[in-house]
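Working notes for the structure below.
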Amino acid sequence: MTFIGKKTNAIKEPVSNTTLLLTITVCGFFAMYLLAMLIWGGGFLNPQQFLDIFNNNAYLIICACGLTIVMITAGIDISVGGTVALITMTCVVLMEDFGFGVWGSLLVALGIGLAMGLLQGFLVAYLRIQPFIVTLAGMFFTKGMTTIVSKEPRTAANEIFLAIKNFRIVVPGIGSYGRTGNFIPARIEPGVIIALLLVLAIWAMLKWTRFGRNLYAVGGNSESALMLGINVKRTQFFAYVLSGILAGIAGYVYLLHTGAGNAANATQAEIQAIASSIIGGTLLSGGVGSVIGTLFGVMSLKTISNIVVASGLREPYWQSITTGLMLCFFILLQSVILAYRKNKAGSRTC
Amino acid sequence: MIDTNVMRTWVKKLTQSQLAIPLFALFLIVIFNVFRDLSFFEVSIRTNNFGNAVLSGNLISILSGASELAILAIGMTLVTSATKGQDISVGAAAAIAGSVFVKVLRANEITLPIILVALLTACVIAIFFGLFNGMLVAKFNIQPMIASLILFTAGRPIAYWINGGATPNVDSPLLSYLGSFIPGIAIPSPILIVIGFVILMVLVLKFTNLGLYIQSVGINERAARLNGINPVFMKLLVFMILGVCVTIAGSMNVCRIGLINHETILIDIEMDAILAVAIGGNALSGGKFRLAGSVIGAYIIQALTITLYSMKVSSTAVKAYKAIVIITIVVLGSPVVKQWLFQLRDRLVKKPVTIAESN
């Protein structure tokens, strides 16, 4: 008995890169938010401001999950922002001019996302074209198509759609007190529920399904994956298809948030999604990453924006500069940690 | 019999050469325009506002308009070759360089030495930012696209801060000489600057080992180090060269339009520059490169844009058509499709298989 106990102690499984980077991000986020609450108080103590991070960025969370999946396979998809813009515009035009209902436009949104995913996945996985070039062309295409569908911003007026858009879920027991002392309960939008359910579903898929594990294997080392009998091409293909479908859902969630189609919708969403994934511990070299980290990545990115505004730097350029600095910090941190671990692992085997 | 063999090897050489894709794409665009409207190729001489006789026409505007892109594509090719990745911050860095250029010019009376000083200052700043990217890539082993994402996010805001939130303009005949025409010379000066820069780069690559070293770092970094090449230094060097390219492109654009707007100067040019490298037949995964391919790629992109404009496509919708053309070119150039096309050709032609070919 003692022998077995000793043995389990001796073979202590080292923490995987994914877990380590995830822990850093989650701890970083909580430390940052606590600090903000202590220093600036005010808005940061208001639960509604915390929930607004989700309300305003539900679409970004969904997009970033798609990007995380693609980045785990060592690919990249920079077309998501354009796809979101195209979907918002197409859905509004279809609802206003062609009498489409909510379900019809939702199907169109998913269809556009699926089509982009299928096309890009085919080009990347089966024709072996660089993912950056394919999705760059995808971004150009979707952004151009958005202005072809309509140059002017359009607003949705479909009654059923507006009813869903204005529907709020009241969170029981949490809220703030208004100026007159009345209790205002905190509210969240339906899109947030969709986003969080998707995060959970993708987390479970990445952790427990064969396809999820294949994604990590392909991203970590595609040759070894091939030798293990994994269908590398099909895995990559479905990664892009998933990212496309998620961009489709994100487009509809964006529409539910703003209710308008505009060519300027979701500009830089792809950059923010990539940044969130990186902050969340996903490596662009593939094989490492988790969607829970990505969720915290989005939250960290947006909390920093709030902190910048709270500290009095109201000019819009400060937000971009702090985003850049934060990205720089996390990228350097990851690089240093991974290099250290690699050295340690190297010396152990030698 | 010998003739057909020579022809066949010549055709084989051409289709397997790196320049096959860009030349084929250029050929397609030219053919398309020949059938669409022959007057597209007209070049006329007109008198401009300053009373100089200058060349004008679509061809000239393609050659002139692609100048910034061509210069950036050269720098991008070197970065791609050595680091196996791309710098997506060139547009933002060009905005910073242009802002510094304007800032120095506006602080002084604009004379030729002052322009040189401004250019030099902008160059130093751009090289500094290039070194920042280079350090992240070379020292910390971060993928170039991710490393330059930092400057991509923060670059234009920094330019905004340098400009003090305004869009200052510079007005001087000397600058318009650099941006449009030198009196007495009918060719737009940006074209001359590109020719000068290309000749300089070709001479440097021909008479030094720079090109060889850059390629060897890109092909196998370990082997390069064992052969006495310092990969870290080479990577820093390509980012510094890109910094110089960025300065020239940024200042040229300032001279051309006479003001700096941090939000619109060379917007989306990083995407075009990477596309130019890809259309030029260079592998985006590094290694061997052909500068000629990238430069032709830059002109192809501009020719495509001008063709679409002359077909009355609105400027915002151009992107969509551009994307379709680019994907078509890249798909036709992909090894999988090429192999499939060759098989198809062989099946259709049914030529007798000789021993040499079956090998």
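Remember, it's a predicted structure, so these values are computed and weren't measured experimentally.
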Atom pair [atom1]/[atom2] of [X] and [Y] - distance to nearest 0.5 Å:
X	Y	atom1	atom2	value
B:Trp161	A:Trp318	CH2	CH2	7.5 Å
A:Gln334	B:Ile142	CD	CD1	8.5 Å
B:Ile150	A:Leu325	CD1	CG	8.5 Å
B:Phe152	A:Ile274	CZ	CD1	9.0 Å
B:Lys319	A:Met139	NZ	CE	6.5 Å

Does any heavy atom of chain B fall under 4.5 Å from the side chain of [X], the backbone, both, or neither of them?
X	result
A:Met326	neither
A:Ile321	both
A:Ser320	both

Name, in order of residue number, those residues of residues 126-135 of chain A that have a heavy atom at a distance of less than 4.5 Å from a heavy atom in chain B; otherwise write 'none'.
A:Tyr126, A:Leu127, A:Arg128, A:Ile129, A:Gln130, A:Phe132, A:Ile133, A:Val134
Within residues 68-85 of chain A, residues adjacent to chain B where the heavy-atom gap is under 4.5 Å:
A:Ile76
Who wins among B:Met271, B:Lys322, B:Met145 for the most heavy-atom pairs under 4.5 Å with chain A?
B:Met271
Quick one: of B:Arg156, B:Gln143, B:Gln86, who has the most non-hydrogen atom pairs under 4.5 Å with chain A?
B:Gln143
Within the 4.5 Å heavy-atom criterion, are B:Ser314 and A:Lys151 side-chain neighbours or not?
yes
For the residue pair A:Leu327 and B:Ile146, establish whether any side-chain heavy-atom pair is separated by less than 4.5 Å.
no
Region of [X] in contact with chain A, defined by heavy-atom distances below 4.5 Å:
X	value
B:Ile88	side chain
B:Ala278	side chain
B:Ile324	side chain
B:Phe140	both
B:Leu149	both

Within a radius of less than 6.0 Å around CD of A:Glu152, do more than 12 heavy atoms belonging to other residues, nucleotides or ligands occur?
no
Could you walk me through whether B:Leu136 and A:Leu332 pass the side chain to side chain contact (heavy atoms under 4.5 Å, CB included) test, one step at a time?
CA-CA 8 Å; B:Leu136 290 177; A:Leu332 281 178; 3.4 Å; yes
Which heavy-atom pair separates B:Ala317 from A:Ile148 by the least distance, and what is that distance?
CB-CG1, 3.5 Å
A:Ala137 versus B:Ala323, closest heavy-atom pair with distance
O-CB, 3.1 Å
Only pairs of heavy atoms separated by less than 4.5 Å count here; which of A:Ala275, A:Gly324, A:Gly138 has the most with chain B?
A:Gly324
Derivation and outcome, side chain to side chain contact (heavy atoms under 4.5 Å, CB included), residues A:Phe140 and B:Ile327:
CA-CA 11 Å; A:Phe140 276 0; B:Ile327 275 297; over 6 Å; no
